[in-house]
Structures are given as structure tokens and as C-alpha cells.
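What follows is a set of notes on a single structure, which appears directly below.
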Amino acid sequence: MGFWDGIATIVVSLYLLIAVLGSLRYLINCLWTFTHPTWEDCPFWPRDVFANFYSICLALFSVQLQPQPSITNGYVRASPRTGNTTPTILGLDCEMVGIGEDGKRHALARVSLVDFSGRVVYDSYVKSTVPVTDYRTFVSGIEAQHLERAPSFSKVRAAVEQLISGATLVGHGLDNDLKILRLEHPVQHCRDTAYYWQFRELLKISRCPPLKQLVETVLGDKQFQNGAHDPVEDAYAPLRIYKKYREDWDRDVCRQEWS
């Protein structure tokens, strides 16, 4: 009886182990589906230990966590960041021109991306597919000759989509910039100075704070946007602000992901 008791114990133990592993696999898939986990980026988790445990789980269960960019209603959805590589941080800004009879509809005219140190990663004008009725030069700085030989929208969007994939994106009014680019980006990888709660408290306003006012208050720069907008400067300004609040801001994002 002792022999068969041992066999029974082993069988039950294996059954329980399989049940636990199956439940864990289900949990990992659910977490991926609903939250796009970035566990290795969370300061509240022991990064190396947890990342190794996560990798072992993936190897055991053959979970495929390499989603490809998808297109929904004409919007390209960037792949979320995976692995333990150091995340890229980029600043984004877009300038628009007016189209339509009254020039109030928007068309993309220029896109700028800068890295964490302010170096220009990408800067391009964009050729409009429809007639431009208002170049908004006094604000945008864009004139007709800038767009004559500019690359097409599809080429610019493809270049930007490739550069921002997996990156943390910083900007002011990012939803507007991504919408005009017809791109989507994982919300946990976005830092938008127009919506971070600390800036509204700092300026004592309930609406989205103007970038110029934020730059003057946080950075003490009173020369910013005194003339036509420079998208390179407008892309780097939110990044400079983000640097000052990075620790608190990233912690807030991490808490929201795991709450």
C-alpha cells in the first residue's frame, strides 16, 4: 500500500501542478489582452527577477506576445513595447494647415520628432492631397513652397509609425497629433502635458493648460512661441517639462496600470 500511496500522491501532485500552470497561462493571456503589460518598466516590481519569471512562463506555455501592427478604420495601431530593452523616449509635434472652403478643416503639413536630448530624429513637411486654403503661416510658419516637393502623407505616416513603435511618446495634445497622423499609440506609453493633473493644479485652472504658459511657469522660458511655431521646439518643450516630473508621472502611470 505504501508504494501505491506514493504513486497516487505523485499523480495528484502532477494534476494540481498542471491545473495551476493552466490557470497561470490563462491569467497571463488575460493580462496581455486587457492591459498590454509593461511589468519590466514598473518601479514597484523587482525588474530582473520578475522579467526572468515572466520569460520562463512564456517559454513553458508558448504564449505569443508579439502582436503585429494592425489597421482599424484607417488608423495604424503601433505595437506595444516588449522585452527588457531600455525604452526610447520621443517628443512629437505636428503642424496643420487649413483645407475646405473656409480653411477650418485640418490637414497635416509638418511632423517633428526629437529624442530625449532634443536631437531631431525626424522632421518632414507633408504634401496635402487636397488644395490648401489657409496655410496659417502666422502660427504654423508654413508657406506654399514648403509643401510643393514634400513627401506624401502615407510615406510620412509610415516613417513616424516605425519610429514611435515601442517608444514612450511625449507631447502636448498628443491625441490631436496622433489623430491627424491616423495613428494609435498605447496609452501607457503616452505622456501628454495637456492632461497631466499636476499641471492643472500648478496653474490653478480646470482646462487644458496652454503649452506656452506651461513652458513659462515650469521652465521659466518667456521667449517660447513668441512668433510662428517651430514644431521642433514644440516637440522638445513637453519633453523638457516631462524630465522635471518624470519620476512622479511614471509612478502615477504605473499605479493606474495596476489598480
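None of the values given here were measured: they were computed from a predicted structure.
Using a 4.0 Å cut-off between charged side-chain N and carboxylate O, Glu161 and Arg157 make no salt bridge.
Across all non-hydrogen atoms, the minimal contact from Ala237 to Leu219 is O-CD1, 4.2 Å. Of all non-hydrogen atoms in Val132 and Gly98, the two that sit nearest each other are CG1-O, 3.4 Å.
Among pairs with a residue in residues 194-222, those fulfilling ring pair (Phe, Tyr, Trp, His ring centres under 6.0 Å) read Tyr196-Phe199, Tyr196-Trp249, Phe199-Tyr245, Phe199-Trp249, at least two apart in sequence or across chains. For residues 96-117, every residue pair satisfying the side-chain hydrogen bond (donor to acceptor under 3.5 Å, both in side chains) rule, not counting sequence neighbours, is listed here: His106-Arg136, Arg110-Asp123, Ser112-Asp123, Asp115-Ser117, Asp115-Arg119.
Judged purely by atom type and a 3.5 angstrom limit, His172 uses its side chain to pair as donor or acceptor with the backbone of Pro209. Side-chain atoms of Arg200 never come within 3.5 Å of backbone atoms of Ile205 as a donor-acceptor pair (strictly under, hydrogens ignored). With Asp192 contributing its side chain and Leu174 its backbone, the two residues share a donor-acceptor pair below 3.5 Å. Looking at Ser124, its side chain never comes within 3.5 Å of a backbone N or O of Ala150 through a donor-acceptor pair. Judged by distance alone, the side chain of His185 and the main-chain N or O of Ala167 form a donor-acceptor pair under 3.5 Å. No donor-acceptor pair closer than 3.5 Å links the side chain of Lys127 to the backbone N or O of Arg149.
Remark: Lys243 qualifies as a cation-pi partner of Phe116 under the 6.0 Å distance and 45° angle criteria applied to the six-membered ring.
No side-chain donor-acceptor contact under 3.5 Å links Tyr236 and Asp230.
Checked against side-chain contact (heavy atoms from CB on, under 4.5 Å), Gln162 has no partners two or more places apart in sequence or in another chain.
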